[in-house]
Amino acid sequence: MSDTHAQTVAFVRDTMLPEREPPILERGAVKWMRENLFNGIISTALTVLSVLVVAWGVAEIGPWLMRSIWDAESLSGCRQILDGASGACWAVIKDRWHQLMFGFYPPDLYWRPVLTLILLFVALGPILFPWVPRGMIRFSAIYPFLGYFLLWGGSVWFPVSVALGFVAGYAALVAFRSLGTLVSTIAAIIAPILWWLIAAGTLTAVLDSIVPLGLERVDSDEFGGFLISLVIGFTGIGLSLPMGILLALGRQSNMILIKSVCVTFIEFIRGVPLITLLFTAQLLLGYFLPPGTSFDLILRVVIMVTFFAAAYIAEVVRGGLAALPRGQYEAADALGLDYWRAQRLIIMPQALKISIPGIVNTFIGLFKDTTLVVFIGLLDPVGLSNAIRASSDWQGIYWELFIFIGAVFFIFCFGMSRYSMYLERRLQTDHR
Amino acid sequence: MKKSIFLGTLAAAALTAGTAVAQDTLEEVRDRGELNCGVSTGVNGFSAPDANGVWQGFDVAFCRAVAAVVLDDPMAVNFVPTTGQTRFTALTSGEVDLLSRNTTWTFSRDVDLSLTFVGVNYYDGQGFMVDRALGVTSATELDGATVCIQTGTTTELNLADFFRVNNMSYEPVPIETNAEAQQQYLAGACDVYTTDASGLAATRASFENPDDHAILSEIISKEPLGPAVRQGDDHWADLNRWVLNALIAAEELGVTSANLAELAEGTDNPEINRLLGTEGDLGEMLGLDSEWAQRALAVGGNYGEIFANNIGEQTPIGLARGLNAQWTQGGLIYAPPVR
């Protein structure tokens, strides 16, 4: 370009314009609101409506929550303090805290369920998170027996001899391995059953007479509140997963007997409501068993809840198995792996990964279903809320108790759901 | 072969079951060292755990009296909470030794369900509660009212009968539980709430302003509540019946927990002496020692004291004795002679 132009074209700019802020409607909060809240007539109307609903809710519940009473002896005490105003009477939670948590568990032994709960998280660590040292898995293996011992007490040798049954099963599995998968599997099932039926009782008695070690016995009828929910929920979760996997595998089996047993079991349990199973556990078993052999009610409920969840898990896992390409099974065969190794190393890791959302869904459902035991007279938190209302002090109190119970259940269920999402992210191996 | 083994096992199990049922319940309880007592999962004043987890109430007091008589320890009771559905099977299957759970004594329960009711400890009946602001003073003025009523109960049938007999119409508001009924009634969904009078009194006691609500004087049904045991063990039934009668007779004779120790040393009244075991051998006839009734009375006092402490007029529930006064006071509570 020549200089002449410089004089003739006066409007050519020789400096950069400073950056200007975008117009007010196209930036920051205003832009976000325009795009997300007021994007058209319907959207605007819905936004206004939602704001009104939220404001109404806050205006209704806010003052009630703001006037929370924590120190009172009874509902009438609360009402006296409130003096006509409406307010939340949380004093009931404070007054009955121990009952809601432990039921009728002896107060001087509260440390036992508390310790069991703390150890539960320790035991869950190596199972749930990869960064926990692997050696801890040994603790997880003995935890079920330790937990039983801590909660129910009695002789320490009883859980020990029950645990030895599993050792017997493993020993049989190893001893008969040379005879083939089927024989060793059968041996591994029969050996512990024989052990429990024949040797376990005597061993407990003998060991107990030599070294009488134990904790004060606490009977099942003293359990209640969240203790019952957690015992039933976590035992059910812990037992139903392996059982469900076995049922799913059995359903895929080529052996007609195993297959038909599994299919019948799954279809029967899935076809019957849980409450029916619980009534069966409570009422019918009482007739079938000879009186005097009082079969622990919590144990009966745990068994029924486990069966129920296992049937559902079996179907969830079957979905995972069905999603695996046939090539995976053939690859396992081509590598010369036997049935259990193929399942353990190739099939299950993939099938379970697919099934995680479904499995956790079943677990959450199971945990919440534990409140159904109220119908067979077990005093879980919901049952206790009725019992608490039946005392003259707290008759007529509803929301506070139900909000509290709901909040505790929410913490556990939300925790499970978050963990499942974390697990899915961690196991994500495909590229996106 | 397998089938015969299976059947054999079944027969053996049934046989052991049969013999176990035939075993004396009293012996069983003594061997166990604990009385299994079926109570409700929570009815205000009748049975409910307190803040320390100790069961309290009118029904509970009877369990404790029996435990004191049999085991010499009123706290040696294992309370089994039962629901309306599970209560009778719990008793007949042997899970509880005694059902003390505001259960109405009816023909079919006595005969068909094989229960033995050992007596009546509370005469209840269906009543009505209304807001005083309505100005209703009698149940016959309830024509056209909306009524909150628990579905599937005998109260529903009683209500229909009562309104038909009196040529009145009503509009039912079906509800499921007592808790729901309270909410509905207070929210004004119905003018009248009807259920057993004791339940009405307990419900009203929990209201913010109980005095705004009136329980009408009409009682439209008979609901005799009493403890029950399994049929087939007459000795155990006798024992329970006479524990109840002893509590009732003690009130009639003026034996209270306060003067029990004094009277137990012997009095001029032969009836009291027989009851408290200083005269005669009534305890032996029951297979007990002579001081059985003293132990029963030492727990919570006589019938009148138990009533007053759990559901009487001094408690928040505030039930008047009414039908449940001694026969000498114009009530129905009447114990056969202790002799």
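Labels below follow one simple rule: chain letters A, B, ... track the order of the sequence lines, proteins then strands, and each chain is numbered from 1.
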Legend entry - Heavy atoms of other groups near B:Gln183 CD, more than 12 under 6.0 Å: yes

Inset, instruction - Could you tell me whether a side-chain N or O of A:Arg389 sits under 3.5 Å from a main-chain N or O of B:Asn44, the two making a donor and an acceptor? - result: no

Legend entry - Straight-line distance of A:Asn386 CG to B:Thr83 OG1, nearest 0.5 Å: 11.0 Å

Inset, instruction - Give, for atom CG of A:Leu384 and atom OG1 of B:Thr41, the distance between the pair rounded to the nearest 0.5 Å. - result: 10.0 Å

Inset, instruction - Indicate the atoms forming the closest heavy-atom contact of B:Gln182 with A:Tyr398, along with that distance. - result: OE1-OH, 3.0 Å

For residues 85-96 of chain A, tabulate all N or O donor-acceptor pairs below 3.5 Å that involve a side-chain atom, not counting sequence neighbours.
from	atom 1	to	atom 2	distance (Å)
A:Trp90	NE1	A:Ser68	OG	2.9
A:Lys94	NZ	A:Asp71	OD1	2.5
A:Asp95	OD2	A:Trp394	NE1	3.0
A:Arg96	NH1	A:Gln99	OE1	2.8
A:Arg96	NH1	B:Pro49	O	3.3
A:Arg96	NH2	A:Ser391	OG	3.4

Inset, instruction - May I ask you to check whether over 12 heavy atoms, not counting those of A:Trp97, lie within 6.0 Å of atom CH2? - result: no

Legend entry - Which portion of B:Phe79 sits near chain A, non-hydrogen atoms under 4.5 angstrom: neither

Legend entry - Interatomic distance, A:Ser392 atom OG to B:Asn310 atom CG [nearest 0.5 angstrom]: 9.0 Å

Legend entry - Closest approach of A:Ala390 to B:Val43 (non-hydrogen atoms, all atoms of both residues): CB-N, 3.5 Å

Inset, instruction - Find the distance between CD1 (A:Ile388) and CG (B:Asp50) and round it off to the nearest 0.5 Å. - result: 11.0 Å

Inset, instruction - Inspect the surroundings of CZ in A:Phe158 and state if more than 12 heavy atoms from other residues, nucleotides or ligands are less than 6.0 Å away. - result: no

Inset, instruction - Output the option from B:Gly42, B:Ala51, B:Gly57 having the highest count of non-hydrogen pairs under 4.5 Å with chain A. - result: B:Ala51

Inset, instruction - Among the options A:Leu297, A:Asp219, A:Leu379, pick out the one with the most heavy-atom pairs lying under 4.5 Å from chain B. - result: A:Leu379

Inset, instruction - Determine the minimum heavy-atom distance between B:Glu95 and A:Arg300, stating which atoms define it. - result: OE1-NH2, 3.9 Å

Inset, instruction - Please state whether the side chain, the backbone, both or neither of A:Phe279 comes within less than 4.5 Å of a heavy atom of chain B. - result: side chain

Inset, instruction - Indicate the atoms forming the closest heavy-atom contact of B:Thr86 with A:Phe375, along with that distance. - result: CG2-O, 4.0 Å

Inset, instruction - Heavy-atom distances under 4.5 Å only: say whether B:Asn78 touches chain A with side chain, backbone, both or neither. - result: side chain

